[in-house]
> 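One structure, pasted below without further comment.
A, B, ... follow the sequence lines: proteins, then strands. Residue 1 opens every chain. What's counted below: heavy atoms across the whole structure, side chains too, no hydrogens, waters or symmetry copies.
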2 protein chains.
Amino acid sequence: MIYTKTGEYAIRAVLYLARQPKEALVMSSEIAESEEIPSHYLAKILQRMAKYGYVDSFKGRGGGFKITELAQRSSILEIVERVEGPVINLKCVTGLKECSDENPCPLHEEWAELRNRIYNLISSKSVQEVADKYSDTLKKNR
Amino acid sequence: MIYTKTGEYAIRAVLYLARQPKEALVMSSEIAESEEIPSHYLAKILQRMAKYGYVDSFKGRGGGFKITELAQRSSILEIVERVEGPVINLKCVTGLKECSDENPCPLHEEWAELRNRIYNLISSKSVQEVADKYSDTLKKNR
DNA sequence: TTAATTTGGGAGTCTTTTGTCTTAAATAAA
DNA sequence: TTTATTTAAGACAAAAGACTCCCAAATTAA
Ligand code: SF4
Ligand code: SF4
């Protein structure tokens with residue numbers, strides 16, 4: 001992955017929630033089972049996501065999580081960056097020391113383009129858009 | 001980075017060696033200093049690279065390392081994979097669970113293309129080609 | 001032969017990430 | 001009210017990655 005497990009779990013969870021019927025509450029354990037994520041670990045992540053305002057949480061019997069509007073209109077990149085710390089590891093393929101746009105290694109030109117496109121790929125669409133289109137293909141292939 | 005520090009250090013070291021005059025020996029400590037890599041840590045990596053046949057090593061005063069032909073004609077990807085274990089983490093931007101070419105998430109099509117291009121970027125050129133072109137730009141900008 | 005230098009090899013530490021466990025708080029149902 | 005359920009919180013454990021240190025082996029120079 002381009003980001004860490006924690007970030008990946010966060011995205012998978014939030015996309016799972018985005019695919020649920022409106023206002024439906026889903027338990028942490030259900031998400032963990034469906035997405036095959038370590039249950040307690042995911043619970044922690046969801047806890048933090050609740051603080052960040054990406055999910056709403058409800059305790060007690062019948063409780064669970066649901067996605068917020070904030071998360072629905074956020075991009076995948078935004079959520080990942082919030083959850084797993086400052087920036088994403090998208091700097092360089094080689095990580096050479098002496099380099100910049102003026103002093104580029106032979107891979108830089110193509111890499112810079114790819115890096116931009118990746119960045120764009122995960123920041124230009126909202127979570128809800130991605131989730132909806134995904135639901136569609138899941139339905140079609142049934 | 002797309003790969004780990006260890007892999008990055010290995011590549012930087014081998015590219016450094018590739019830029020040296022033919023048959024020149026360079027001490028581990030010199031590479032470490034130039035490339036700003038923790039000295040003892042790099043020593044370990046070079047040790048392993050010697051086993052893999054990517055560098056030749058010579059002990060004692062006047063000793064050091066030099067790149068082998070194997071490394072010169074290898075790709076960056078090949079060396080990284082050898083040094084830091086099985087495969088590179090280039091699987092997916094989202095890491096969704098239910099997905100394949102038949103059941104793709106909305107990002108898959110573009111991602112698959114980008115993934116291929118990244119793969120290609122670091123596997124199609126030899127270390128020596130990259131190093132030579134890099135030396136050129138370093139010279140020009142002087 | 002002795003001393004200095006440089007890599008080889010292995011043990012060990014520190015940090016970050018990942019994952020587990022236990023208990024408390026809130027809520028809902030019995 | 002009591003019990004069951006579900007999230008909140010925090011301590012803890014395990015694993016991986018990054019980095020350090022020490023001493024042995026080889027080689028060169030004095
Ligand atoms: S020049 Fe660009 S591609 Fe090359 S090492 Fe620097 S940032 Fe990476
Ligand atoms: S469909 Fe493709 S892009 Fe989407 S999660 Fe699967 S592998 Fe990744």
Side-chain angles (χ1 to χ4, degrees), chain A residues 1-14 17 20 24-68 80-81 83-89 95, chain B residues 1-14 17 24-33 35-68 80-81 83-89 95:
Chain A
M1 316 297 147
I2 286 181
Y3 25 76
T4 164
K5 293 249 181 199
T6 305
E8 186 199 314
Y9 293 161
I11 291 304
R12 301 215 333 236
V14 90
L17 289 175
Q20 302 309 307
L25 291 186
V26 182
M27 288 191 301
S28 169
S29 56
E30 181 190 321
I31 306 177
E33 200 166 340
S34 298
E35 292 288 331
E36 298 181 68
I37 298 172
S39 164
H40 293 286
Y41 195 59
L42 176 62
K44 288 278 165 220
I45 295 172
L46 285 169
Q47 209 175 238
R48 288 167 58 200
M49 305 259 283
K51 279 192 183 167
Y52 298 151
Y54 288 137
V55 298
D56 285 333
S57 68
F58 301 89
K59 290 181 182 175
R61 175 180 280 232
F65 295 88
K66 70 176 197 210
I67 192 171
T68 63
V80 169
E81 293 203 317
V83 168
E84 73 179 32
V87 243
I88 202 167
N89 267 344
Chain B
M1 317 297 148
I2 287 181
Y3 25 76
T4 164
K5 294 246 180 200
T6 305
E8 186 199 315
Y9 292 160
I11 291 305
R12 301 214 333 237
V14 91
L17 289 174
L25 291 186
V26 182
M27 288 191 301
S28 168
S29 56
E30 182 191 322
I31 306 177
E33 201 166 340
E35 292 287 331
E36 299 181 68
I37 299 172
S39 165
H40 293 288
Y41 195 58
L42 175 61
K44 287 282 162 214
I45 296 171
L46 286 170
Q47 211 176 276
R48 287 167 59 200
M49 305 257 284
K51 278 193 183 166
Y52 299 152
Y54 288 135
V55 298
D56 285 334
S57 68
F58 301 88
K59 290 182 184 173
R61 176 179 277 233
F65 295 89
K66 69 176 198 210
I67 193 172
T68 63
V80 169
E81 293 203 317
V83 168
E84 74 178 32
V87 240
I88 203 166
N89 266 344

> I need the OH-C1' distance between Tyr54(A) and dT7(D), as an integer number of Å.
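In whole Å, dT7(D) C1' lies 21 Å from Tyr54(A) OH.
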
> Between atom CD in Gln47(A) and atom C1' in dT22(C), what is the gap in whole Å?
14 Å

> What is the separation between atom NZ on Lys5(B) and atom C1' on dG17(D), rounded to the nearest whole Å?
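After rounding, the gap between these two atoms is 11 Å.
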
> Mind checking the CG-CD1 spacing from Leu42(B) to Ile37(B)? Nearest 0.5 Å is all I need.
5.0 Å

> Does the base of dA8(D) carry an N or O that pairs as donor and acceptor with the side chain of Lys44(A) under 3.5 Å?
no

> Between dG19(C) and Ser39(A), is there an OP1 or OP2 to side-chain N/O distance shorter than 4.0 Å?
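No.
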
> In whole Å, I'd like the distance from the CZ atom of Arg48(B) to the P atom of dG10(C).
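Nearest whole value for this atom pair: 13 Å.
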
> Which pair of heavy atoms, one from Ile45(A) and one from Ala10(A), lies closest together, and at what distance?
CG2-CB, 3.9 Å

> Quick one: is dG19(C) close enough that its OP1 or OP2 comes under 4.0 Å of any side-chain N or O from Tyr9(A)?
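Affirmative; the distance criterion is met.
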
> With a cut-off of less than 4.0 Å, is there a side-chain N or O of Thr6(A) near OP1 or OP2 of dT18(C)?
yes

> Atom CD1 of Ile31(A) and atom P of dT6(D): how far apart are they, to the nearest Å?
13 Å

> In whole angstrom, what separates Lys59(B)'s NZ from dT5(C)'s C1'?
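It works out to 12 Å between those atoms.
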
> Side chain to side chain contact (heavy atoms under 4.5 Å, CB included) between Leu25(B) and Phe65(B): does it pass, once the steps are laid out?
CA-CA 5 Å; Leu25(B) 291 186; Phe65(B) 295 89; over 6 Å; no

> Between Ala43(A) and Arg61(A), name the one whose nearest nucleotide on DNA chain D is closer to the 5' end.
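Its nearest nucleotide lies further toward 5', so the answer is Arg61(A).
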
> Figure out the NZ/P separation between Lys66(B) and dT7(C), and round it to whole Å.
14 Å

> Do Ile67(B) and Tyr54(B) pass the side chain to side chain contact (heavy atoms under 4.5 Å, CB included) test, and can you show the C-alpha distance, the side-chain angles, and the key distance before you say yes or no?
CA-CA 6 Å; Ile67(B) 193 172; Tyr54(B) 288 135; over 6 Å; no

> Below the 4.0 Å mark, does dT18(C) have OP1 or OP2 next to a side-chain nitrogen or oxygen of Thr4(A)?
yes

> Let me test you: for the helix from dT1(C)-dA30(D) to dA30(C)-dT1(D), what is the angle between the axes at its two ends (five pairs each), rounded to 10 degrees?
10°

> Check whether any side-chain nitrogen or oxygen of Ser57(B) sits under 4.0 Å from OP1 or OP2 of dG8(C), and answer yes or no.
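Yes, because at least one side-chain N or O of Ser57(B) sits under 4.0 Å from OP1 or OP2 of dG8(C).
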
> Please assess Thr6(B) against Arg48(B) for the test side chain to side chain contact (heavy atoms under 4.5 Å, CB included), listing each intermediate value before the final yes or no.
CA-CA 11 Å; Thr6(B) 305; Arg48(B) 287 167 59 200; 4.1 Å; yes

> Just how far is it from atom CE of Met49(A) to atom NZ of Lys44(A), taken to the nearest 0.5 Å?
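It is 15.0 Å, given to the nearest 0.5 Å.
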
> Round to the nearest Å and state the distance from Phe58(B) atom CZ to dA26(D) atom C1'.
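After rounding, the reported distance stands at 13 Å.
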
> Minimum heavy-atom separation for Leu17(A) to Val55(A), with atom names?
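Scanning both residues, the minimum pair turns out to be CD1-CG1, 3.6 Å.
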
> Compare the minimum distances between each of dT7(C), dT20(C), dT7(D) and the side chain of Ser28(A), then state the nucleotide with the smallest one.
dT7(D)

> Have a look at Ser29(B) and say if it touches a base, only the backbone sugar-phosphate, or nothing, with a 4.0 Å heavy-atom cut-off.
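Nothing, no nucleic acid heavy atom in range.
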
